[in-house]
2 protein chains.
Amino acid sequence: MVDMSAVLVRGSERALYEQITDMLRHQLTSGLAKGDQLPTEAELVERFATSRATVRRAMQQLVDEGVLTRRRGKGTFLARPMPKVVHPIDRVMPFMETFKQVGEDVHTKLIHFGWEESPVLPEALNGWDRPVLTFQRLYVSRGVPHAVTSVIVPRRIGRMFSHADVEKNPIYHMLQKKAKVTPVRAEFLVSCRQPTPQLSEVLEMSRSSLLLVLERISRDAEGHPVEYSTHFLRPDVYQLSVAIDDLPSRRS
Amino acid sequence: MVDMSAVLVRGSERALYEQITDMLRHQLTSGLAKGDQLPTEAELVERFATSRATVRRAMQQLVDEGVLTRRRGKGTFLARPMPKVVHPIDRVMPFMETFKQVGEDVHTKLIHFGWEESPVLPEALNGWDRPVLTFQRLYVSRGVPHAVTSVIVPRRIGRMFSHADVEKNPIYHMLQKKAKVTPVRAEFLVSCRQPTPQLSEVLEMSRSSLLLVLERISRDAEGHPVEYSTHFLRPDVYQLSVAIDDLPSRRS
DNA sequence: GAGTGGTCTAGACCACTGG
DNA sequence: CAGTGGTCTAGACCACTCA
């Protein structure tokens, strides 16, 4: 429950909705509301003696931060806390493994599989033969989706993969067993991006918050790129780690 | 200017404020509003024949995305576009260098310098002698702040650094020239975080959007950690790149 | 003082979930 | 059906900027 003793200060420097956000945040984290459901908007309007718009604005802030989730017709709930996961990108480890190491169940679902004639690709992949095979997997733990990975491979490799293969196996497994290619080098790019409407849908996140995006180009021994994958990660769940030995000597 | 011909569809699946956001975004990027200032809220209310709250909600979305900035008493403006910068973390390169490579002027400002008795540090740094020296630098280009770096070093190294040193030199330069230590290994952690109130202030960003955060622990040849730095990066500006050779063989 | 964006109110109608 | 959150309206007052 939410403490009623605290009172809003009208005419303060701090806006009413900010004061409400602060109070809710504090009381949620200090365990006063261990349960799932929060008071309804109508109740909060009464307790804080403000308008509904002000209460909503305060709650929206916490929704954007991932602390709360709201469902029309049901109510407002403490977002199910997700484990913090550190994914090492300097080793070849499927995301499944990263999650299992923290004792999590992970379910994957293939949400796209198809050939594409004119994909948008990084410059480094201009030499690939078309069409390319592209597929997307969704990762879910405790009923909560937390990552989408999109993989693209050139035609000569993609033709070795069946729908059933892709549904079950990590990409590096398929590259080695099915396509008989061994990645020996990978280039990574980390960035933050707005989710597309589709991604915000399947990852159940607000369209205004950001995704942590990890792109990877893997190359075989000859330096030819053999796969291009993009990982869309919920930033409240994932961290990425890298260790670099033998730091090159300074230049300038 | 904003095109008046497009019309909102009332009763559509898509909310009015979303339609307005879409139209503004499209017309801004398609060059119809090359200038700086957008129509005022009052003008948009008239053109779209909606309430002010709806127009504001549409614009707020673009402000959160960093497309627009609003200033009370002045108006709403296209946010000054910042260059996209890729910072390689597998080489030792100061941020200054990264920016200069894209032809940017960069100014730095020391915004904090002091000793701290009880800092919060990663476990790996528990062995450090206290107090630790901590300082923060703000990076500004084209008058727009885009990064804050916070550096912490143990007492035995920090005592070699003067305020003037820190104001002018990259950390790795000081480690080698002043403290006579050479980092040979570094561990990185990449994450997304809410800015603190102080960070959202100096980086001029909304408190509800996320920062790209890069943490680094550098070690000398004996494996002792010699510095811990945290880089708070505006996600609309920075990307991080890593290349890994000799991918380890698969495990499971 | 006129004009800007920042906050807040008190309503309204709707779509969705549940009993 | 009553109750939830999602959207929208038409006002109001304020702090700030600039002429």
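Lettering follows sequence order; numbering is per chain, from 1.
In summary, the aromatic rings of A:Phe135 and A:His112 are positioned with their centroids too far apart to meet the 6.0 Å limit. Here the two rings, on B:Phe95 and B:Tyr238, have centers that are under 6.0 Å apart.
The salt bridge (Lys or Arg N to Asp or Glu O under 4.0 Å) contacts involving residues 189-202 of chain B comprise B:Arg193-B:Glu215, where partners must be two or more places apart or lie in separate chains. Every pair passing salt bridge (Lys or Arg N to Asp or Glu O under 4.0 Å) that includes a residue from residues 99-115 of chain B is listed here, sequence neighbours excluded: B:Glu104-B:Arg142.
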B:Leu233/B:Leu211 under side-chain contact (heavy atoms from CB on, under 4.5 Å): CA gap, chis, key distance, verdict: CA-CA 6 Å; B:Leu233 310 174; B:Leu211 280 170; 6.0 Å; no
Step-by-step side chain to side chain donor-acceptor pair (under 3.5 Å) determination, B:Arg70 to B:Gln60: CA-CA 9 Å; B:Arg70 294 194 279 199; B:Gln60 188 59 48; 2.3 Å; yes
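The main-chain N or O of B:Pro145 is found under 3.5 Å from a side-chain atom of B:Arg234 such that the two form a donor-acceptor pair. With A:Asn169 contributing its side chain and A:Asp165 its backbone, the two residues share a donor-acceptor pair below 3.5 Å. Using a distance-only test at 3.5 Å, with no hydrogens or angles considered, no donor-acceptor pair links the side chain of B:Thr54 to the main chain of B:Thr50. Looking at B:Arg137, its side chain does come within 3.5 Å of a backbone N or O of B:Val166 through a donor-acceptor pair.
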Distances for protein N or O near nucleotides 14-16 of chain D N or O, under 3.5 Å:
{"residue": "D:dA15", "atom": "O4'", "partner": "B:Arg72", "partner atom": "NH1", "Å": "3.3"}

Any N/O pairs under 3.5 Å between the protein and nucleotides 10-12 of chain D? List them or say none.
{"residue": "D:dA12", "atom": "N6", "partner": "B:Arg52", "partner atom": "NH1", "Å": "3.1"}

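For the residue pair B:Thr98 / B:His87, a side-chain donor-acceptor distance below 3.5 Å is found, with atom types taken as modelled.
B:Arg10 has a side-chain polar atom (N or O) that falls below the 4.0 Å cut-off from OP1 or OP2 of D:dT9. Look at A:Thr54 and you'll find a side-chain N or O under 4.0 angstrom from OP1 or OP2 of C:dT9.
The aromatic rings of A:His146 and A:Phe99 sit parallel, their planes meeting at an angle under 30°, below the 60° perpendicular limit.
Of the residues in residues 63-71 of chain A, those placing a heavy atom less than 4.0 Å from an atom of DNA chain D are A:Arg70, A:Arg71, in numerical order.
Rounded to a whole Å, the CZ atom of B:Arg56 is 15 Å from the P atom of D:dT9. The CE-P distance, from B:Met59 to D:dC8, rounds to 16 Å in whole Å. For A:Glu41 and C:dT9, the CD to P distance is 14 Å, given to the nearest whole Å.
Among C:dT4, D:dG5, D:dC8, the nucleotide with an atom closest to any side-chain atom of A:Thr76 is D:dG5. Distance from the side chain of A:Thr40 is smallest to D:dT4 among D:dT4, D:dT7, C:dG6.
At least one cation-pi condition fails for B:Arg216 and B:Phe188: the charged atom is not both under 6.0 angstrom from the six-membered ring centre and inside a 45 degree cone around its axis.
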Secondary structure of DNA chain D in dot-bracket form (Watson-Crick or G-U wobble, distances below 3.5 Å, | marking inter-strand pairs): |.||||||||||||||||.
